[in-house]
Amino acid sequence: MKKFLLLIAATAFALLTTACTDSSGYTYETVKNDPLKTRIYTLDNGLKVYMSVNKAEPRIETYIAVKVGGKNDPSETTGLAHYFEHLMFKGTQQFGTSNYEAEKPLLDQIEQLFEVYRKTTDDAERAAIYRQIDSISYEASKYAIPNEYDKLMSAIGALETNANTSMDRTVYIENIPSNQIENWARIQADRFKNVVIRGFHTELETIYEEKNMSLTDDNRKVYTTIGEVLYPNHPYGKQSVLGTQEHLKNPSITNVKNYHTQYYVPNNMAILLSGDFDPDQMIATIDKYFGDMQPNENIPQLAFEPEAPITKPIVKEVYGPDAANVTLAWRTDNAASDDAEYLLLASRILYNGQAGMIDLDLMQQQKVLDAFSYPDQRADYGALVLQGLPKAGQTLDEVRDLLLAEVAKLRNGEFSEELIKAVVNNLKVSTMREEETNVGRVEMYLSSFYNDIPWSDEVTKLDRIGSITKEQLVAWANEKLGTENYGIIYKRQGEDPSVQKIAKPALTPIQMNRDTQSAFLTEIQNSTVTPIEPVFVDFNRDMEIFKTDSSLEVLYKKNDINDLFSLTYLFDTGVLNDPALNNAFAYIDYLGTQAKTAAEIASELYDIACYYDLSASQNRCAITFKGLSENMGQVMDIFEDLVANAQGDEEILANYKADLLKKRADNKLNQEANFAALQRFAFFGGEAIQRTTLNNEQLEALTSDVLIGKVRDLLKKQHTILYYGPKDKAGLLADLKAHHQTPEVLEPLTRGNIAFQPTEQNKVCLANYNAPQLYFLQYSNLGKKFDVAVDPALKLYNEYNSGSMGAIVFQEMRESRSLAYMAFTEWINPSYLDDNYLFAAIIATQNDKMAQAIDAFDEIINNMPESEAAFKLAKEAVLTNLRTSRTIKDEVLWKYIANKDLGVTEDRNKAIFEKVQDMTFADLKAAQEQWIKDRKYTYCILGDLKDLDQDYLRKLGTVQIVSQKEMFGY
């Protein structure tokens, strides 16, 4: 029977897949009815190449994926896959060094010393060895050229230079101009074949800062614990991607090199591409540079003991600063199994953000503060995960029982067959959105590659999910999602006892050699490519502006790609005018009309694969509709009927207020929320926060009539309509006339205004948060209004200082001093004509590195490091990106709005492109001295006050300790 089923599967695959030969003689596979027209090549050495052509803009999204991740780390050096990902940016024998022959003996010594260091237990001996490592590393840095890889990418106009590591794979990302394929392939092939491990101890300290960030990320802790509960025999449950604190402080370069030799081989890799290119030429170029990579026929295969069935709930606890929550998880089979499709369907039936069982039973009925489910699909296993947050006074066990009850309903079949059809339709819409973008396409290829899913299965996945019957899904749920075979993770609020506090090491800043460059970089810079001419937006050509019968202005852009639409009513009013606006938007979502309940409305919208969204910022608010174009009128009618006929409910309102008070209390526990609130306090001051935030007493005073009235009144106000979709002008106007009811005369609106605080004297705003890492911002109000003539200098300054990993700030703060995982500065454009220019610098760093970080920023900002080589790269990057960037789809409409806010009628990029070509470093320096140098600052620091050097802070300026009530406004 098994052989028979395998024969059927093989026959079906053969019918779907076609072998073809291109004009260069390379063989590739295609899949019938693939909307992306994907080609899949396999080179002689085993390297896979997935590609699809998309001519929307002259750029190409490139992923290079390696089928290795955290699960493949040696147990004695966890975190290795991730820190090797970082080391892949350090260069090769050809680049990243000025003299590899002289550098290599020093690198060998460092490797040997680390092997001794990691096996030494005596603290004094370890300190002595580390000093030796640091000393030799400094000598080696005299030959290194930090971040030359990123300089190469800047030279060819690449964007999005990045990488990421999961338990199952590592991915290296570049978005390149379509005329730089040859240079890109040459650089990447050298990098993957000949990586050199340099700058190791400083990069490791940077990785430790990333680990520090994770120690206050409670969601990450919960996710790690899901692995421990469901997969105790598998690395998913035994180790994490970032590794342990102990292992990160005791690394092995030898293990890193062995790891590269074993796994970074062509038969364990794939190149994933989508964009503007000729496939025949692309594969020939890839073969030219990657074809000589040697495969490894003995790639280590991950061996693990199959997991035993879970026979009773497994309970774990996690502690951290954020609010308490509870997570439930059931184990399923891997991503390439039938389970994966059932898992996706089951998860969306439980929760889809609109009309799932959790949406309607728990969220709509306000039984929990928040709840959701998601499919956690991995290469070796999968899981259904549910999480819930308690209301005030509610226990985690009560939330757990409510979630369990929803899964029980799924097992019992207490859902309609129609919901399955609606889930599939909405999955089709989300897939269409993915297929619109190059990133969406390569992400789909990535999943296919590392999960070992045939592309033919990916193309036909939604058809198979659509064929699953309710009876089949219920049977699957009873088999996989039982009453005892799950894990429970209680995330409790409190101090995590497992976190180690580790002081910063004595580390000598390495040399930057900023004006040194390799012959390899020079060759790339001097290579000849066919230039791409820039295309700037012409608002008269690329969009239309017209009026409705009721004199509303319409900004129109035709969608010629698919049948999806986006329609927005944009109002020039926001929380500056009415701080209760978002409360009104949130409240009306819970309400129904006399004819329909809120649950019926949500289900009706989900059935037609459409939704609406209401949002308010400081100065604007928007009502947006999205979905299938054929149903646009229907979603507009549903919304306008709700607004006109919403039935207030005092019990719902009381619950909403209680939940919001709980969310406010929870917000005060979160590090990022505290930092955002502190920034807002520094930018605008306490009075402005009080003006734009309802305090708890004001919130309690809100009534149903007032909140509903705010939304009803909004539709009587003047607004602009933005449309991107497949309808022609006449069809759109007809729909607006039929489905958007407005009074004959719309009330005018006046935009609110809030001024950024002046920074005439240095000041320190200090707020307490107990974490291993502080968050820091310094900001200066430059005191000048928008001037379009400033655009070129601002663009070039930001690129030179923080545009990439090869830019000044990244090199000085991260590469040289290892102060942070993330650090940047930005000269900030006004959003409106009456706003001022701003300047800001941000870093997240260990508490005991605070003074060093602030001093380093001060030096970089006021005495900007001068490098003609770095300037040339920054200038090339600006110009190349302007040549190849395109404003497409609804971006045209939003760009028009942004320009209009600043009184500009043409694409500002045109003038930037023209002016930057003639700019010199002297021009950049003059702009820095005029705008940035020797400014006064407000310094914002969110950190553990007992660990901060407050004597140092008092030297910066007047210190104000800001309470949570002051910065949150409640």
Side-chain angles (χ1 to χ4, degrees), residues 62 64 84-108 110 137 139-163 172-177 180-200 202-203 206 253 256-257 260 264 271 285-286 288-290 292-293 510-529 803-808 810-811 814-816 867-877 880:
T62 76
I64 302 181
F84 182 72
E85 169 215 308
H86 282 241
L87 295 169
M88 279 286 287
F89 290 83
K90 299 300 181 183
T92 68
Q93 298 171 24
Q94 287 198 90
F95 67 87
T97 183
S98 61
N99 187 341
Y100 181 65
E101 289 71 22
E103 181 191 28
K104 187 178 187 305
L106 298 171
L107 298 179
D108 291 342
I110 295 166
S137 295
E139 291 303 313
S141 77
K142 294 177 181 179
Y143 303 105
I145 309 174
N147 294 113
E148 192 163 41
Y149 170 77
D150 199 74
K151 294 174 184 177
L152 284 160
M153 289 299 101
S154 293
I156 69 171
L159 301 172
E160 302 168 13
T161 297
N162 209 340
Y172 299 87
I173 301 168
E174 298 291 349
N175 181 294
I176 64 169
Q180 290 285 357
I181 294 168
E182 184 94 13
N183 281 329
W184 164 80
R186 182 183 175 192
I187 296 164
Q188 297 302 327
D190 184 43
R191 178 193 193 196
F192 275 82
K193 290 185 281 191
N194 303 309
V195 64
V196 170
I197 310 303
R198 57 170 62 95
F200 188 77
T202 51
E203 189 63 34
T206 295
I253 296 176
V256 169
K257 288 182 173 179
H260 175 261
Y264 276 59
I271 298 178
T285 303
I286 289 173
K288 174 182 174 181
Y289 289 102
F290 287 87
D292 63 346
M293 285 185 75
I510 63 173
Q511 292 201 19
M512 287 290 95
N513 303 319
R514 193 170 287 113
D515 285 319
T516 305
Q517 72 179 46
S518 65
F520 187 82
L521 173 55
T522 302
E523 287 178 31
I524 295 296
Q525 286 179 305
N526 293 336
S527 62
T528 302
V529 298
S804 66
M805 287 188 287
I808 299 298
F810 188 94
Q811 286 196 329
R814 174 168 161 168
E815 196 75 24
S816 176
S867 169
E868 281 290 346
F871 174 76
K872 181 181 178 183
L873 283 168
K875 185 172 173 177
E876 287 176 355
T880 302

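Note: hydrogens, waters and symmetry copies are ignored here, and every other heavy atom, side chains too, is used. Here the structure is a predicted model, which is why all the values come from computation and not from measurement.
Within the cation-pi definition used here (under 6.0 Å to the ring centroid, within 45° of the axis), Arg191 qualifies as a partner of Phe89.
For the atom pair Ser527 OG and Gln180 CD, the distance stands at 5.5 Å (nearest 0.5 Å). A distance of 5.5 Å separates OG1 in Thr161 from OH in Tyr149, rounded to the nearest 0.5 Å. Met153 CE to Leu873 CG: the interatomic distance, rounded to the nearest 0.5 Å, is 11.5 Å.
No donor-acceptor pair under 3.5 Å is formed between the side chain of Thr880 and the backbone N or O of Ala877. A donor-acceptor pair is defined here as one N or O able to donate and one able to accept, closer than 3.5 Å; no such pair exists between the side chain of Glu815 and the backbone of Phe810. At least one donor-acceptor pair closer than 3.5 Å links the side chain of His260 to the backbone N or O of Phe192. The main-chain N or O of Asp150 is never found under 3.5 Å from a side-chain atom of Asn147 such that the two would form a donor-acceptor pair. Looking only at distances, no side-chain donor or acceptor of Asn513 sits under 3.5 Å from a matching main-chain atom of Ile145.
Screening Asp190, Asn194, Thr97 for a side-chain hydrogen bond (donor to acceptor under 3.5 Å, both in side chains) involving Thr92 leaves a single residue, Asp190.
You'll find the ring centres of Tyr264 and Phe84 inside the 6.0 Å limit.
Counting heavy atoms from C-beta outward, Lys151 and Met805 have side chains that stay 4.5 Å or more apart. Side-chain contact check for Ile156 versus Glu174: every heavy-atom pair is 4.5 Å or farther apart. Between Arg186 and Phe520, some side-chain heavy-atom pair lies under the 4.5 Å cut-off.
Sequence neighbours left out, the pairs with a member in residues 98-108 that pass salt bridge (Lys or Arg N to Asp or Glu O under 4.0 Å) are Glu103-Arg198, Lys104-Asp108.
Using a cut-off of 4.0 Å between Lys/Arg side-chain N and Asp/Glu carboxylate O, Lys90 and Glu148 are scored as not salt-bridged.
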